[in-house]
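Beneath this line is the structure, given in structure tokens, with notes to follow.
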There are 2 protein chains.
Amino acid sequence: MSLRHALLGLLSERPASGYDLLKRFETSLATVWPATQSQIYTELTKLAAGGLITVAAEGPRGRKEYAIADGGLAELRHWLTETKPQRNTRSDILLRVFFLGVLKPEQARAYLAGLVEMSEQGHEELRLLAESIDWGDDDLSVYGRIALEYGLRFNAMRREWAEWAAGQIR
Amino acid sequence: MSLRHALLGLLSERPASGYDLLKRFETSLATVWPATQSQIYTELTKLAAGGLITVAAEGPRGRKEYAIADGGLAELRHWLTETKPQRNTRSDILLRVFFLGVLKPEQARAYLAGLVEMSEQGHEELRLLAESIDWGDDDLSVYGRIALEYGLRFNAMRREWAEWAAGQIR
DNA sequence: TTCTGACATGTCAAAACTAGAAGGTCCAGC
DNA sequence: GCTGGACCTTCTAGTTTTGACATGTCAGAA
């Protein structure tokens with residue numbers, strides 16, 4: 001159900017086409033809320049049918065530019081203030097940890113070493129991204145920076161944890 | 001697709017019924033890989049049909065106790081060693097952060113304060129859980145302890161981040 | 001004896017998500 | 001002029017997940 005709110009959120013910043021939104025999902029939202037093209041177009045159609053967004057303009061190549069409607073903005077605000085976020089931590093990575101006991105200790109350590117490497121890479125990618133962006137003090141910059149900082153801290157935490165964990169085995 | 005591996009993993013520890021497994025999903029796996037009753041029973045039937053698990057015993061009230069078969073153990077090991085975990089970070093909590101700009105600063109800070117509280121609670125719950133368990137040095141203890149430590153560190157990280165983030169607004 | 005709550009499984013419809021095919025337009029550079 | 005790549009949408013067919021309904025057994029308390 002959060003996909004519709006993600007779309008409303010992006011459209012609250014500025015009007016955009018399905019294609020534009022897809023690009024946003026492939027870049028800034030990729031690690032937070034991945035969504036495929038078919039999902040996005042389907043949901044946009046539903047949102048438009050429900051009057052939460054409107055087709056503000058039509059461009060070349062059948063491009064439809066959607067804009068958020070008052071009802072959509074109200075729904076977005078409602079979601080942000082009235083509904084509780086659920087800690088939806090379905091994590092493939094951590095699930096595996098529970099079952100490392102079926103492997104030999106060196107295999108288990110290899111898995112954790114892989115996590116260290118993954119975390120290092122993730123951290124480095126975000127660091128480069130942060131460097132490449134010209135941060136202002138508008139809303140997008142402030143909250144984008146906060147989200148990115150989360151990613152940096154998360155990867156650092158996971159790296160240290162995986163290193164510690166490898167030391168716990170045998 | 002990880003649900004089947006979660007089931008295989010749990011059955012690799014000891015035989016269990018669907019009901020037993022459901023309890024495990026509601027407790028230790030709840031934060032890592034939530035699954036509903038219908039999903040569990042459906043998947044168990046499929047796994048049994050595929051010969052990855054067997055019905056080892058039948059008890060009162062139609063209870064069927066499943067045990068992992070050789071093929072299931074092989075599949076579990078294959079999953080752990082040969083397939084890459086995907087960073088499946090779909091996060092409701094973080095998604096909201098991107099759109100806090102549509103709220104008033106005090107509302108945004110309230111959201112982050114809520115995350116601080118959530119993280120403190122999560123940390124406390126895990127701390128109590130860790131205290132209540134009599135840790136040995138068997139596999140289950142070692143890897144259970146490692147997974148739990150992840151939770152502790154994660155909540156601590158998120159708490160500090162949310163406090164820092166609240167200070168970034170305005 | 002009756003009732004309650006834990007034990008135990010099965011099935012279904014709907015929603016969400018995945019993966020990809022299919023079709024078409026516009027523009028810049030060769 | 002033509003061609004490749006970016007732009008842009010729609011549709012299909014499948015799997016996974018959610019949430020609820022339906023059904024029944026057993027042990028112990030009232």
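Hydrogens, waters and symmetry mates play no part in the numbers below; they use all other heavy atoms, side chains included. In what follows, chains carry the letters A, B, and so on, assigned in the order in which the sequence lines appear, proteins first and then strands, with residues in each chain numbered from 1.
Across all strands shown, A/Thr45 has no heavy atoms under 4.0 Å from either base or sugar-phosphate atoms. Within 4.0 Å of A/Thr36, counting heavy atoms only, lies at least one base atom of the nucleic acid. Across all strands shown, A/Thr42 has no heavy atoms under 4.0 Å from either base or sugar-phosphate atoms.
Residue whose closest nucleotide on DNA chain C sits further toward the 5' end, between A/Leu3 and A/Arg61: A/Leu3. Mapping B/Asp20 and B/Ser38 onto DNA chain C by nearest heavy atom places B/Asp20 closer to the 5' end of the strand.
Here C/dG10 presents its C1' atom at 11 Å from OH of B/Tyr66, a figure rounded to the nearest Å. Across the protein-nucleic acid pair, B/Arg63 atom CZ and D/dC26 atom P stand 13 Å apart, rounded to whole Å. A/Lys64 places its NZ atom 9 Å from the C1' atom of D/dT10, with the value rounded to the nearest Å. Between A/Ile40 atom CD1 and C/dC17 atom C1' the separation is 12 Å, expressed in whole Å. Between A/Lys23 atom NZ and D/dA6 atom C1' the separation is 8 Å, expressed in whole Å. One can place CD of A/Glu26 at 13 Å from C1' of D/dC8, the figure rounded to the nearest angstrom. In this structure, A/Leu21 atom CG and D/dC7 atom C1' are separated by 14 Å, rounded to whole Å. Atom P of nucleotide C/dA14 and atom NZ of A/Lys46 are separated by 13 Å, given to the nearest angstrom.
In this structure, the helix from C/dT1-D/dA30 to C/dC30-D/dG1 shows an angle of 10° between the axis at its start and the axis at its end, each fitted on 5 base pairs and rounded to 10°.
Note that A/Arg4 lies outside the cation-pi zone of A/Trp79, set by a 6.0 Å cut-off to the ring centre and a 45° limit from the axis. Relative to the six-membered ring of B/Trp164, B/Arg159 misses at least one condition, a distance below 6.0 Å or an angle of at most 45° to the axis.
A close approach under 4.0 Å does occur between a side-chain nitrogen or oxygen of B/Arg90 and OP1 or OP2 of C/dT18. The phosphate of C/dT9 has OP1 or OP2 within less than 4.0 Å of a side-chain N or O from B/Tyr41.
Under a 3.5 Å cut-off, the side chain of B/Ser2 and the backbone N or O of B/His5 do not form any donor-acceptor pair.
The side chain of B/Tyr19 sits closest to C/dA8 out of C/dA21, D/dA20, C/dA8. In the set D/dC21, C/dC26, D/dT9, the nucleotide with an atom closest to the side chain of A/Ser17 is D/dT9.
Using modelled atom types, one finds a donor on one side chain and an acceptor on the other under 3.5 Å when comparing B/Ser119 with B/Arg158.
Between B/Tyr150 and A/Trp161, the two ring planes are perpendicular [angle over 60°; tilted spans 30° to 60°].
A donor-acceptor contact under 3.5 Å is not formed by the side chain of B/Glu43 with the base of D/dT16. B/Gln39 contributes no side-chain N or O that forms a donor-acceptor pair with the base of D/dT18 under 3.5 Å.
At most 12 heavy atoms of other shown residues, nucleotides or ligands fall within 6.0 angstrom of atom NZ in A/Lys104. Within 6.0 Å of CG in A/Asp70 there are 12 or fewer heavy atoms belonging to other residues, nucleotides or ligands.
For A/Arg109, there are no salt bridge (charged side-chain N to carboxylate O under 4.0 Å, His left out) partners two or more places apart in sequence or in a different chain.
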